[in-house]
Amino acid sequence: MKEHVRVVILAAGLGTRMKSSIAKVLHQAAGDTILNHVLRAALAVAAPENITVVVGHQAEQVRKSVRFTGIQFAEQKEQKGTAHAVVCARDQAASDEGLLLILNGDGPLLKAETLKRLLQSAGDAKTGGTLVTTVVQDASGYGRIIRSQDGMIAAIREQKAASPEELQIREINPGVYCFRAQPFWKYIEEVRPDNPAREYYLTDMVEILRAHGFAIAPLLVEDETELLGINTRVELAVADRILRARKAEELMLSGVTIEAPESVRIDAEVEIGPDTVLEPGVQLRGKTRIGERCHVGTGAILRDCQIESDVTVYPYVIAEGAVIRSQAAIGPFARVRIRADIGRDARIGNFVELKNTDFGAGSKAQHLAYLGDSSIGADANIGAGTITCNYDGQHKNRTEIADEVFVGSNSTLVAPLKIAEGAYIAAGSVITKPVEADALAIGRAYQVDKPGWARRRREKVSAPAK
Ligand code: UD1
Ligand code: CA
């Protein structure tokens with residue numbers, strides 16, 4: 001039978017070594033906060049209502065930063081140590097039977113599989129708990145694992161309290177604990193702040209539980225990088241690199257070609273379909289979703305975009321909030337500033353900017369245009385240099401262009417404006433009034449030709465001065 005699991009995540013500290021006014025768990029790696037990365041792993045083993053985050057520093061911002069719904073919170077008003085932080089979650093957690101999983105909030109690299117393994121072995125064992133341990137190159141700053149003769153954990157010694165011999169130990173406590181809930185809550189009050197920092201150390205629970213006859217077992221995890229705790233911005237950059245490499249690897253294994261995986265930046269929530277190719281230096285941010293068989297060119301930066309299948313994004317496209325439908329192509333050097341819906345088979349070319357615009361199926365704007373607050377129907381052609389004048393200094397106004405309209409090059413469309421189906425706008429026009437279906441609208445000065453004028457001028461300038 002699967003046991004009940006309560007997760008408590010410790011996230012109340014400021015994190016002095018970050019040298020920041022922002023709480024440590026709010027710092028970002030790979031496009032998400034440290035805390036959200038920890039929560040993503042926790043949610044693989046527990047329902048949100050069984051997860052409690054202990055907040056303290058910038059409690060309100062930390063709560064708001066959580067992107068998953070249903071997560072519980074407890075407040076630690078004063079940061080008196082990791083055991084004290086767990087006690088702050090007692091109201092939600094103490095009545096639970098089963099297992100109590102406690103995670104430091106500053107370990108964004110922790111994998112869901114490791115938590116599953118931990119719960120498995122803690123559940124099977126007749127012990128007071130199982131703690132993840134790992135062997136690191138440089139153990140400084142970490143609590144050291146003191147093993148007993150039988151291979152169980154006898155104690156965790158914090159750096160400040162460790163003897164010179166204990167400091168040599170490279171097996172450390174990464175802050176991933178699974179205790180049996182009942183004895184834990186029964187004896188937690190026995191933790192005393194009898195250390196140089198005057199803090200209530202969660203790590204003291206090992207010796208306390210042992211004294212009451214509960215063994216504490218280790219679960220040694222090979223990959224130390226997974227257990228890196230973030231204390232400085234240097235470690236944050238390391239975590240960022242590892243998370244991004246992991247994301248790229250996961251995508252490649254699911255069928256995405258990434259030409260230079262070390263050069264791309266893909267946020268945690270991004271999804272990409274098989275046979276899509278990413279050229280070097282692509283950045284996919286936020287909740288971007290890309291379908292199958294797309295091609296994304298060098299230097300493209302896409303944030304919160306939804307891209308269907310068989311879409312081509314040429315190099316250096318910068319888009320935010322764009323929906324790009326099947327078989328469409330955009331770029332190079334195009335920009336979607338705020339939201340656009342680009343229809344099936346449509347073509348947006350170089351130096352075209354779209355803002356809050358629906359661009360119909362099969363329509364084309366191949367070069368140098370600004371289309372803002374507009375809707376363009378299907379199979380329309382927007383000539384080079386077309387500008388929708390959407391702002392009159394006070395209000396934003398809409399331009400509506402119906403199906404199969406032809407807008408000649410360098411047209412100025414002064415909104416609010418409607419151009420009806422099949423109409424034709426002569427190149428170089430300034431259009432201020434509605435254009436009816438199938439009409440030709442010309443809004444420009446007529447051309448005046450003066451025969452021989454140029455020759456006469458040349459002769460005049462080249463004649464010697466008198
Ligand atoms: C802790 C462990 C140490 C371990 C290391 C792993 C203790 C006493 N020591 O040390 O054995 O090797 O993590 O990274 O637990 N927090 C609170 N309230 C507090 C204090 C801390 O919520 O009063 C939170 C912090 O926000 C952080 C986590 O607990 O997310 C760990 O705190 P931190 O101060 O980083 O502990 P370490 O000194 O790294
Ligand atoms: Ca830490």
Side-chain angles (χ1 to χ4, degrees), residues 7-18 20 22-27 33-39 41-42 52-59 61-63 65 73-90 102-110 131-136 138-146 153 155-162 166-167 169-177 179 188 191-208 216 218 221 224-236 238-239:
V7 185
V8 174
I9 298 176
L10 309 182
L14 170 64
T16 22
R17 285 165 284 176
M18 293 298 280
S20 175
I22 300 163
K24 178 159 72 179
V25 293
L26 292 177
H27 284 266
T33 63
I34 293 174
L35 179 58
N36 277 323
H37 286 294
V38 178
L39 279 167
T52 303
V53 179
V54 182
V55 294
H57 270 282
Q58 292 162 6
Q61 287 98 308
V62 174
R63 269 173 214 253
S65 74
F73 295 93
E75 195 160 346
Q76 184 191 28
K77 293 232 157 57
E78 224 185 308
Q79 281 67 60
K80 297 188 198 166
T82 42
H84 178 255
V86 180
V87 170
C88 293
R90 174 184 272 169
I102 302 173
L103 306 175
N104 278 3
D106 61 356
L109 296 165
L110 183 65
L131 313 187
V132 170
T133 73
T134 191
V135 176
V136 296
D138 176 9
S140 54
Y142 287 107
R144 311 298 206 277
I145 301 291
I146 316 286
I153 304 179
I156 299 173
R157 196 75 75 232
E158 291 306 302
Q159 169 105 11
K160 284 175 194 156
E166 287 167 341
L167 287 176
I169 298 172
R170 290 193 297 120
E171 185 181 12
I172 60 101
N173 165 34
V176 180
Y177 317 80
F179 291 103
I188 184 70
V191 175
R192 305 305 328 151
D194 50 6
N195 53 65
R198 309 297 306 151
E199 282 190 15
Y200 294 85
Y201 285 163
L202 176 58
T203 45
D204 286 353
M205 276 308 277
V206 173
E207 282 165 284
I208 291 170
I216 303 294
V221 170
E224 66 163 282
T225 60
E226 186 192 334
L227 298 159
L228 177 72
I230 307 303
N231 295 307
T232 67
R233 294 190 201 234
V234 176
E235 288 162 342
L236 187 67
V238 173

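Hydrogens, waters and symmetry mates play no part in the numbers below; they use all other heavy atoms, side chains included. Ligands are counted one by one from 1 in listed order, and the atoms in each one are counted from 1 as well.
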Participant: So, regarding Gly143 and ligand 1 (criterion: nitrogen or oxygen to nitrogen or oxygen, under 3.5 Å), is there a contact or not?
Facilitator: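 It does: an N or O of Gly143 is found under 3.5 Å from an N or O of ligand 1.
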Participant: Examine Leu10 against ligand 1 and note whether any of their N/O atoms are separated by less than 3.5 Å.
Facilitator: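 There is such a contact, yes.
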Participant: Any side-chain heavy atom of Ile172 within less than 4.5 Å of one from Thr133?
Facilitator: no
Participant: Checking contacts now, so for atom 13 (O) of ligand 1, which I'm interested in, is there any protein heavy atom under 4.0 Å?
Facilitator: yes
Participant: At a 4.0 Å threshold, what atoms of ligand 1 neighbour a non-hydrogen atom of Asn104?
Facilitator: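 This gives 1 (C), 5 (C), 6 (C), 13 (O), 14 (O), 28 (C), 31 (C) as the contact atoms.
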Participant: Is there a donor-acceptor contact under 3.5 Å from the side chain of Lys24 to the main chain of Ile230?
Facilitator: yes
Participant: Numbering the atoms of ligand 1 from 1, which are under 4.0 Å from a heavy atom of Pro174?
Facilitator: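 By the 4.0 Å cutoff, the relevant atoms are 6 (C).
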Participant: Enumerate the atoms of ligand 1 whose separation from the nearest heavy atom of Lys80 is less than 4.0 angstrom.
Facilitator: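 Going through ligand 1 atom by atom, the ones under 4.0 Å from Lys80 are 23 (O).
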Participant: Report yes or no: does Ile172 have a heavy atom closer than 4.0 Å to ligand 1?
Facilitator: no
Participant: Output yes when the distance from some N or O of ligand 1 to some N or O of Gly141 is under 3.5 Å, and no in every other case.
Facilitator: no
Participant: Among protein heavy atoms, which sits nearest to atom 8 (C) of ligand 1, and what does the distance come to when rounded to 0.1 Å?
Facilitator: Tyr201 CD2, 3.2 Å
Participant: For atom 4 (C) of ligand 1, what's the nearest protein heavy atom and its distance?
Facilitator: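 Its nearest protein heavy-atom neighbour is Asn173 O, 3.0 Å.
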Participant: As an exercise, identify every atom of ligand 1 less than 4.0 angstrom from a heavy atom of Ala85.
Facilitator: 17 (C), 18 (N), 22 (O)
Participant: Heavy-atom distance from atom 34 (O) of ligand 1 to the protein below 4.0 Å?
Facilitator: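 It does not; no protein heavy atom is within 4.0 Å.
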Participant: Passes side chain to side chain donor-acceptor pair (under 3.5 Å), Thr33 versus His27? Steps please.
Facilitator: CA-CA 5 Å; Thr33 63; His27 284 266; over 6 Å; no
Participant: For a distance under 3.0 Å, tell me if Asn231 has an N/O/S atom near the Ca ion (ligand 2).
Facilitator: yes
Participant: Tell me whether Gly13 has any N or O atom under 3.5 angstrom from an N or O of ligand 1.
Facilitator: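 Between Gly13 and ligand 1 (N or O atoms, distance only) the closest approach is under 3.5 Å.
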Participant: As a quick check of understanding, evaluate side chain to side chain donor-acceptor pair (under 3.5 Å) for Tyr177 and Asn173, giving each step before the final call.
Facilitator: CA-CA 9 Å; Tyr177 317 80; Asn173 165 34; 3.0 Å; yes
Participant: Is there a polar contact, in the sense of an N or O pair closer than 3.5 Å, between Gly81 and ligand 1?
Facilitator: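 Between Gly81 and ligand 1, an N or O pair is found under 3.5 Å apart.
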Participant: Please confirm whether Asn231 comes under 4.0 Å of ligand 1, counting heavy atoms of the residue only.
Facilitator: yes
Participant: Measuring only between side-chain heavy atoms, which start at C-beta, is Glu199 closer than 4.5 Å to Pro193?
Facilitator: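 No - every pair of side-chain heavy atoms lies 4.5 Å or more apart.
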Participant: Does the side chain of Thr203 come within less than 4.5 Å of Glu158's, by heavy atoms?
Facilitator: yes
Participant: How about Arg170 and Glu224: do any of their side-chain heavy atoms sit closer than 4.5 Å?
Facilitator: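 Answer no - side chains too far apart.
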Participant: Start with the C-alpha distance between Arg144 and Glu166, add both sets of side-chain angles, then the distance that settles salt bridge (charged side-chain N to carboxylate O under 4.0 Å, His left out), and finish with yes or no.
Facilitator: CA-CA 7 Å; Arg144 311 298 206 277; Glu166 287 167 341; over 6 Å; no
Participant: Non-hydrogen atoms of Val54 versus ligand 1: any pair closer than 4.0 Å?
Facilitator: no
Participant: Around atom 37 (P) of ligand 1, find the nearest protein heavy atom and jot down its residue, atom name and distance.
Facilitator: Arg17 NH2, 4.6 Å
Participant: Taking the side chain from Asn195 and the backbone from Tyr201, do they hold a donor-acceptor pair closer than 3.5 Å?
Facilitator: no
Participant: With a 4.5 Å cut-off on side-chain heavy atoms, are Leu227 and Leu109 touching?
Facilitator: no
Participant: Heavy-atom distance under 4.5 Å between the side chains of Val53 and Val8, does that happen here?
Facilitator: no
Participant: Closer than 4.0 angstrom: is that true for some heavy atom of Gly56 and an atom of ligand 1?
Facilitator: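 No; Gly56 lies far enough from ligand 1 that no heavy-atom distance drops under 4.0 Å.
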Participant: Between Gln76 and ligand 1, does any nitrogen or oxygen pair lie at a separation below 3.5 Å?
Facilitator: yes
Participant: Is the shortest side-chain heavy-atom distance between Ile146 and Ile156 below 4.5 Å?
Facilitator: no
Participant: Measuring from non-hydrogen atoms of Glu158 to any atom of ligand 1, is the shortest distance under 4.0 Å?
Facilitator: yes
Participant: Are Val54 and Val86 packed together at the side-chain level, in the sense that at least one heavy-atom pair is separated by less than 4.5 angstrom?
Facilitator: no
Participant: With the threshold set at under 4.0 angstrom, would you say Lys24 reaches ligand 1 through any of its heavy atoms?
Facilitator: yes
Participant: Below 3.5 Å, N or O to N or O, backbone or side chain included: is there any such pair between Ala12 and ligand 1?
Facilitator: yes
Participant: Using distance alone, determine whether Glu199 and ligand 1 share an N or O pair under 3.5 Å.
Facilitator: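 N/O-N/O distance under 3.5 Å: no.
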Participant: Would you mind running through ligand 1 and noting each atom that sits below 4.0 Å from a heavy atom of Gly105?
Facilitator: 30 (O)
Participant: Without swapping roles, check the side chain of Thr82 against the backbone of Leu202 for a donor-acceptor pair under 3.5 Å.
Facilitator: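 Between the backbone of Leu202 and the side chain of Thr82 there is a qualifying donor-acceptor contact (under 3.5 Å).
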Participant: In Asp106, the N, O or S atom nearest to the Ca ion (ligand 2) is which?
Facilitator: OD2
Participant: Using protein heavy atoms only, decide if any is under 4.0 Å from atom 23 (O) of ligand 1.
Facilitator: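 Under 4.0 Å from atom 23 (O) of ligand 1, at least one protein heavy atom found.
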Participant: Examine distances only and state if a side-chain atom of Asn104 and a backbone atom of Asp106 form a donor-acceptor pair shorter than 3.5 Å.
Facilitator: no
Participant: Give the residue, atom name and distance (to 0.1 Å) of the protein heavy atom nearest atom 21 (C) of ligand 1.
Facilitator: Thr82 CG2, 3.7 Å
Participant: Is Asp106 touching ligand 1 with its side chain, its backbone, both, or neither, if touching means heavy atoms under 4.0 Å apart?
Facilitator: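 For Asp106, the contact with ligand 1 is made by both the backbone and the side chain.
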